[in-house]
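Just so we're clear, the structure is a prediction, and the values are computed from it rather than from any experiment.
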Amino acid sequence: MNYWLMKSEPDVFSLDDLCQRPQQQEPWDGVRNYQARNMMRDEMRIGDQVFFYHSNCAQPGIVGIMDIARAAYPDFSAHDHTSNYFDVKSTPDKPRWFMVDVHYVRHLRRVITLKELKDQVQLQDFQLIRRGNRLSIMPVSSVNWGFILSLEEDAPPLS
DNA sequence: GCCAACGTTGGC
DNA sequence: GCCAACGTTGGC
């Protein structure tokens, strides 16, 4: 099984939004970056575990856990003229963009903030906190996954 | 294939 | 709102 982190702006789609879906499941549409697409299309498997990360908000950080409920299939929002994610170069015949379905697992007991992650000596190899990182989807090693989860048990940092 | 211009991400 | 970092586009 593989571990991942996926970012979303909570104003657009939050962990609470996912939690409130009827099946607590949702297509992860709108990814328009080739590296991120390739990871979804080529490497994500049903049952993989995913950190849900809130970006571009007051308190950026990991807020919960999802799993992969459906492997990659064409992102239909690319073919929808009314969608923000419309891409004239993607067609149903030759889809350029792919997505997976994610499924809610749980909220973390507290937000593990970006700042807190950056402060961890043990996470210096974690892509999320490397300079200039902008990928919205990234792999998480099983070691880092376990370590980050262990932070959940700690008291939140005071600052 | 090079690279300047431009657009986007996302923390702060 | 600012801006650093990075990806994409398109002229040549």
Rounded to the Å, how far apart are [X] [atom1] and [N] [atom2]?
X      : N      : atom1 : atom2 : result
A/D87  : C/dT8  : CG    : P     : 12 Å
A/L135 : B/dT8  : CG    : C1'   : 13 Å
A/N33  : B/dG7  : CG    : P     : 18 Å
A/E116 : B/dG11 : CD    : P     : 15 Å
A/K115 : B/dG10 : NZ    : P     : 21 Å
A/E9   : B/dT9  : CD    : C1'   : 8 Å
A/N133 : B/dG10 : CG    : P     : 8 Å
A/Y53  : B/dT9  : OH    : P     : 15 Å

task: Verify the ring-centre separation between A/W97 and A/Y34: is it less than 6.0 angstrom?
output: yes

query: Does A/K7 make a side-chain N or O approach to OP1 or OP2 of B/dT9 shorter than 4.0 Å?
result: no

query: Looking at A/R131, does any N or O in its side chain come under 4.0 Å of the phosphate oxygens OP1/OP2 on C/dA5?
result: yes

A/S14-A/D16 side chain donor-acceptor pair, cut-off 3.5 Å: no

message: Given B/dT8, B/dG10, B/dG11, identify the nucleotide with an atom nearest to the side chain of A/L114.
response: B/dG11

- request: Return the nearest nucleotide to the side chain of A/Y34; candidates are B/dG11, C/dT8, C/dG7.
  value: C/dT8

query: What are the two closest heavy atoms between A/S55 and A/P10, and how far apart are they?
result: O-CD, 3.2 Å

- request: Indicate yes or no: does A/D17 engage A/R21 in a salt bridge with an N to O separation below 4.0 Å.
  value: no

task: By nearest nucleotide on DNA chain C, pick out whichever of A/R96 and A/N56 is the more 5' one.
output: A/N56

